[in-house]
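Below you'll find the structure, written out as structure tokens, and then a few comments.
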Protein chains: 2
Amino acid sequence: MDALAHIRRFNRAVTRQVGALNSSFLDRGRPLGSARVLNAIGRGQGDVAKLRQALALDSGLMSRLLRGLESEGLIVVEDDPEDGRRRIARLTEAGQAEFAEYERLSDAQAADILSRHPDQTALLAAMDLIATALTRAEIEIVPCDPLDPRARDCLQHYYAELAARFEGGFDVNLSKDPEADDMRPPRGTFLLALSDGVPVGCAALKGGADYAEVKRVWIAPAARGLGLARQLMEAIEAAARDLGQLHLRLDTNSALPEAVAMYHRFGWDEIDRFNDDPYPDRFFEKRLNP
Amino acid sequence: MDALAHIRRFNRAVTRQVGALNSSFLDRGRPLGSARVLNAIGRGQGDVAKLRQALALDSGLMSRLLRGLESEGLIVVEDDPEDGRRRIARLTEAGQAEFAEYERLSDAQAADILSRHPDQTALLAAMDLIATALTRAEIEIVPCDPLDPRARDCLQHYYAELAARFEGGFDVNLSKDPEADDMRPPRGTFLLALSDGVPVGCAALKGGADYAEVKRVWIAPAARGLGLARQLMEAIEAAARDLGQLHLRLDTNSALPEAVAMYHRFGWDEIDRFNDDPYPDRFFEKRLNP
DNA sequence: GATTATTTCTGATATTAGTCAGATATCCTT
DNA sequence: AAGGATATCTGACTAATATCAGAAATAATC
């Protein structure tokens, strides 16, 4: 049985699924085009130009769809204060209610899919893997507060993975957990890799007097092998330069050979132990050009 | 991060994917409706009534789409000899060529998706898991020749799994490999579980003089937990009844505890060793009512 | 054999989606 | 300040999709 047969089967299965979702959307009595626009606006895509690009719509069609939603009282379209040519759409109260109904429909469908498999964790992992593969070009790296729930989410996965891979386990309380303030501007930063809003990786820069430390570099299993680590490390270095931190250090562990190999590959120099944290046994530094 | 966010992301990713596939289909200069009908016919859905149901089309629209394809010379629509009201569509030679082109387009896209992830095995496994979950209601169990490539495919997976799970490995040549003839009517049968044409499980009945043996019960990892084993075992028992084999036996191994538990659960009685095959160490039998 | 149901087909019509050309207002660059 | 680029909007048009009503042929049922 060749691989293509499996992909064809997958394509047919999800095509049906998408068709079912679309027709359930039509049950709300609005053509699919309008529904798509309404949902995109509800999801924060208010900028009409971006909206048009995201939905690949002709400007004429877009304009008419907006007029339609406007006359239904679901949206208002206002001039962009920063650019008189552009316009920005936002939901009215009625529009928000309608958007919430679409979200409810979509969530009900999602719950239904989830209920179709006994191993929901495996199903979610499979979905993540596929969604990441399909949207790999669109992973964006954004700064984020280290206490943001999405950041906490990444860190929990990170700690859990360390606990699983270190022989003696891992207790974050025994490690030198950086203060959140050290990972916020102007001292440092915390970066999140987002794929369609879902966090799939993180990395932190912890500011210090003599040097800055790179911490908490983690990539979701579903997103490994896509070159995301390089993107994150480059973003961290760029952030360090912006903050005037040109002397970087980090520590890691031999139990994470792919991390050790990665730092070597990315031009880090291995150095002697520079702290007394009980977990790391490998230490690196890198000096940046201004 | 809750599960629904992950599913929504998956939905968006595959919706885009489906959209891309659809628009690549449009590159062949035929509206999507016609293309869908042509493909359904090519995949064996010739019966116009079933076609209409499968694609959820109005009878008027269906009729016009068929006329369109007919006037393009891609299909011929003939009366159903068994029911004068019904009609049956089939591809002409030109239609088959056109259908093959669509398959090629779809395969090219499939190959492209596959190339987007470094771990293609994991990606395929994830696709299988999802496709199986989405189409679980539509798994069909069909008899099949034991030498059919799809059967060989299942058996290879089966042997590989035994090799991985038995302490000393597994060599099919040391085991009593049933002759293919014993697993064909009228002596026995070989059943395949198909999900949209892809084999996701198998089971064999090997005919014998005193009793028939159930062999080669295997479920693809992606399809486990869906109750497929019960379906297969019930189908095997039904086949045994049809063949007049009311005394069934099987052997298995303690290294496969879920199999042992399953046979107990399905009403099999554990008995003493009844053969000298080196691999099994657990033996079962079941007597069927006629 | 009459009645009812089913299947397909045709005609009429409506809605949705997609395309193109040009008008207008604004922004950007020089 | 002028010219070119960009964003939106409107009008005119085409194609595709969807819906409805009824005709014709056949099957199923009583």
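Order of the sequence lines sets the chain letters (A, B, ...), proteins ahead of strands, with each chain counted from 1. Remember, predicted model here, so these are calculated numbers, not experimental data.
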Heavy-atom distance under 4.5 Å between the side chains of [X] and [Y], does that happen here?
X: B/Asp80; Y: B/Val48; answer: no
X: B/Arg9; Y: A/Val200; answer: yes
X: B/Val37; Y: B/Met62; answer: yes
X: A/Gln245; Y: A/Arg187; answer: no
X: B/Glu98; Y: B/Leu91; answer: no
X: A/Phe190; Y: A/Asp148; answer: no

For atom [atom1] of [X] and atom [atom2] of [N], their distance in whole Å:
X: A/Asp47; N: D/dT6; atom1: CG; atom2: P; answer: 16 Å
X: A/Lys50; N: D/dT8; atom1: NZ; atom2: C1'; answer: 17 Å
X: A/Leu66; N: D/dC9; atom1: CG; atom2: P; answer: 6 Å
X: B/Glu70; N: C/dT10; atom1: CD; atom2: P; answer: 9 Å

Protein heavy-atom contacts under 4.0 Å, written 5' to 3' over nucleotides 14-19 of chain D as B (base), S (sugar-phosphate only) or - (none), form the string --SSSB

Nucleotide nearest A/Ala49 (side chain, heavy atoms from C-beta), chosen from D/dA7, D/dC9, C/dC9: D/dA7

Just to be sure I understand the geometry, which residues of residues 74-92 of chain A put a non-hydrogen atom under 4.0 Å away from DNA chain D? A/Arg85, A/Arg86, A/Arg87

For the CD atom on B/Glu101, are there more than 12 heavy atoms of other groups (residues, nucleotides or ligands in this structure) within a distance under 6.0 Å?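 Yes, the 6.0 Å shell around CD holds more than 12 heavy atoms from other groups.
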
No-hydrogen, no-angle side-chain donor-acceptor test under 3.5 Å, B/Arg30 and B/Tyr102: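 Judged by distance alone, the side chains do pair up.
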
